[in-house]
Colleague: 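Quick one: structure below, then a few questions.
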Amino acid sequence: MATDLSQQQEILQLPSDQDSSGRDLGDDEIVNLVAAIESGTLTSTKGTFVKQLEERFAEQLGANRVYACSSGTAALHTALSAIDPEPGDEVVTTSITDMGALTPILYQSAIPVFADVDPKTYNLTAESIESVLSPRTRAIMVTHLFGNPARMGEIMELARSKNIPVIEDCAQAFGAKVDGVPVGTLGDIGCFSLQQGKHITTGEGGLVSTNNEDYARRMFLFINKAWGYGDSNPDHYFLALNYRMNELAGAVAVAQLEKLGEFVQRRKEIAAKLNQGLEGIDGLETPHVDAEMEATYWKYCLRIDSSAFEGGMDELAKQLRERNIFCAPRYIQKPAFECQVIRDQRTFGNSRFPFNLARPEAVDYSRDKFPGTYDALASVLVLPLNERYTSAHVQYVVDSIREVAIKLQKEKS
Ligand SMILES: *Cc1c(COP(=O)(O)O)cnc(C)c1O
């Protein structure tokens with residue numbers, strides 16, 4: 001607390017998505033929860049809320065099929081199970097993502113092959129994906145990081161030309177669009193998360209979407225231990241888990257879904273105000289969003305030129321945190337492939353499976369193959385953004401960043 005606050009500005013408490021200050025959970029959720037509990041039916045195989053959630057989300061998204069499941073990680077696992085890779089097949093993915101997007105690849109016996117990201121959008125590009133494709137590539141997993149869509153037009157053109165299915169990881173991108181079309185319907189399968197900190201929440205939860213009936217069938221089965229519910233002669237058809245969402249989560253999710261449009265709108269408005277307020281500060285760039293994209297700002301990322309500030313991005317972040325702006329320099333700190341599970345191939349017993357099946361090139365994480373990734377992590381400052389920010393909160397964030405940045409700006413020589 002020793003740092004002097006030049007203007008002696010009052011320190012505000014910003015709404016947080018980790019508690020009621022920044023989450024809209026109230027009467028609507030409670031009414032549904034009470035109904036679920038009073039019904040006595042808490043499993044989605046017999047209840048009504050999870051079914052409602054699936055139908056309404058499919059309608060909102062414009063997808064033929066939606067299934068709910070227990071987490072975003074489960075959603076991604078379910079998507080991969082539909083594609084059903086052979087052991088040792090490759091799934092192209094990104095070096096900057098949540099581990100919940102990577103471990104499902106390994107559990108389905110496939111090799112995550114990392115493509116580099118664009119250091120300005122933090123997303124994969126068609127070029128970076130193309131450079132790591134191999135005859136063993138079985139799927140491409142595209143993450144719309146921080147709610148900013150990847151360039152799906154070019155990516156889908158590449159994928160279609162090679163006949164490779166695309167899974168969209170929309171965990172951070174509810175409501176985002178490319179040329180007016182929602183993410184989650186641009187590729188072959190879309191995956192969403194309802195974890196505590198996402199746009200809408202049930203604490204934990206996930207959703208998958210698709211227009212492909214074969215994938216839909218396999219995903220429904222995978223979530224349900226591959227038991228053929230409704231079939232005349234049901235059986236457990238293949239290896240699968242119980243990834244069902246329960247009715248309590250479904251009850252909350254149905255109410256949350258009603259508010260999604262409003263949350264997305266607020267997030268866009270707040271980001272536009274931040275962009276406006278933070279324009280023209282040397283060494284600091286506001287988010288890079290292509291003209292055809294509608295980003296929905298799960299977080300608000302600044303690109304910082306550390307050499308422009310005394311103490312670099314870390315000092316800037318430290319002083320913002322002293323003002324209760326809990327920003328995170330470098331997001332996940334290091335590329336995903338530097339985590340022990342992947343770097344040291346800690347999987348099943350001592351087998352290293354499925355890494356033991358990998359082409360050496362597919363698991364070569366040499367630094368010079370990932371210039372965009374290292375640049376992105378060295379320059380990204382992730383700021384929280386919440387739909388419950390008032391205009392006073394937005395102004396406080398803008399003023400704080402301006403003040404700290406200008407104070408730390410190095411004299412130009
Ligand atoms: C949150 C998240 C996940 C995992 O979702 P969980 O619900 O936490 O399992 C996967 N990918 C991305 C990009 C995420 O942000």
Colleague: I'd like to know if the side chain of Thr390 reaches the main chain of His393, judged simply by a donor and an acceptor atom lying under 3.5 Å from each other, with no hydrogens or angles considered.
Modeller: yes
Colleague: Does any N or O in the side chain of Arg267 come within less than 3.5 Å of the main-chain N or O of Tyr297, such that one atom is a donor and the other an acceptor?
Modeller: yes
Colleague: Side-chain donor-acceptor pair under 3.5 Å between Arg244 and Asn224, yes or no?
Modeller: yes
Colleague: With distance as the sole criterion, is a donor-acceptor pair present between the side chains of Tyr300 and Asn275 under 3.5 Å?
Modeller: yes
Colleague: Consider only side-chain N and O atoms of Thr125 and Glu154, and report whether a donor and an acceptor are under 3.5 Å apart.
Modeller: no
Colleague: Let me confirm one number: the OH-OG1 distance from Tyr215 to Thr210, rounded to the nearest 0.5 Å.
Modeller: 7.5 Å
Colleague: Does CD in Glu361 sit with more than 12 non-hydrogen atoms of other residues, nucleotides or ligands closer than 6.0 Å?
Modeller: no
Colleague: Verify the distance criterion only: is there a donor paired with an acceptor across the side chains of Asp116 and Thr373 at less than 3.5 Å?
Modeller: yes
Colleague: Does Ala249 offer a backbone N or O that forms a donor-acceptor pair with the side chain of Asn246 under 3.5 Å?
Modeller: yes
Colleague: Between Asp89 (side chain) and Ala110 (backbone), is there a donor-acceptor pair under 3.5 Å?
Modeller: no
Colleague: Between Lys407 and Gln319, does any side-chain donor sit less than 3.5 Å from a side-chain acceptor?
Modeller: yes
Colleague: Got a donor-acceptor contact below 3.5 angstrom from the Asn324 side chain to the Leu12 backbone?
Modeller: yes
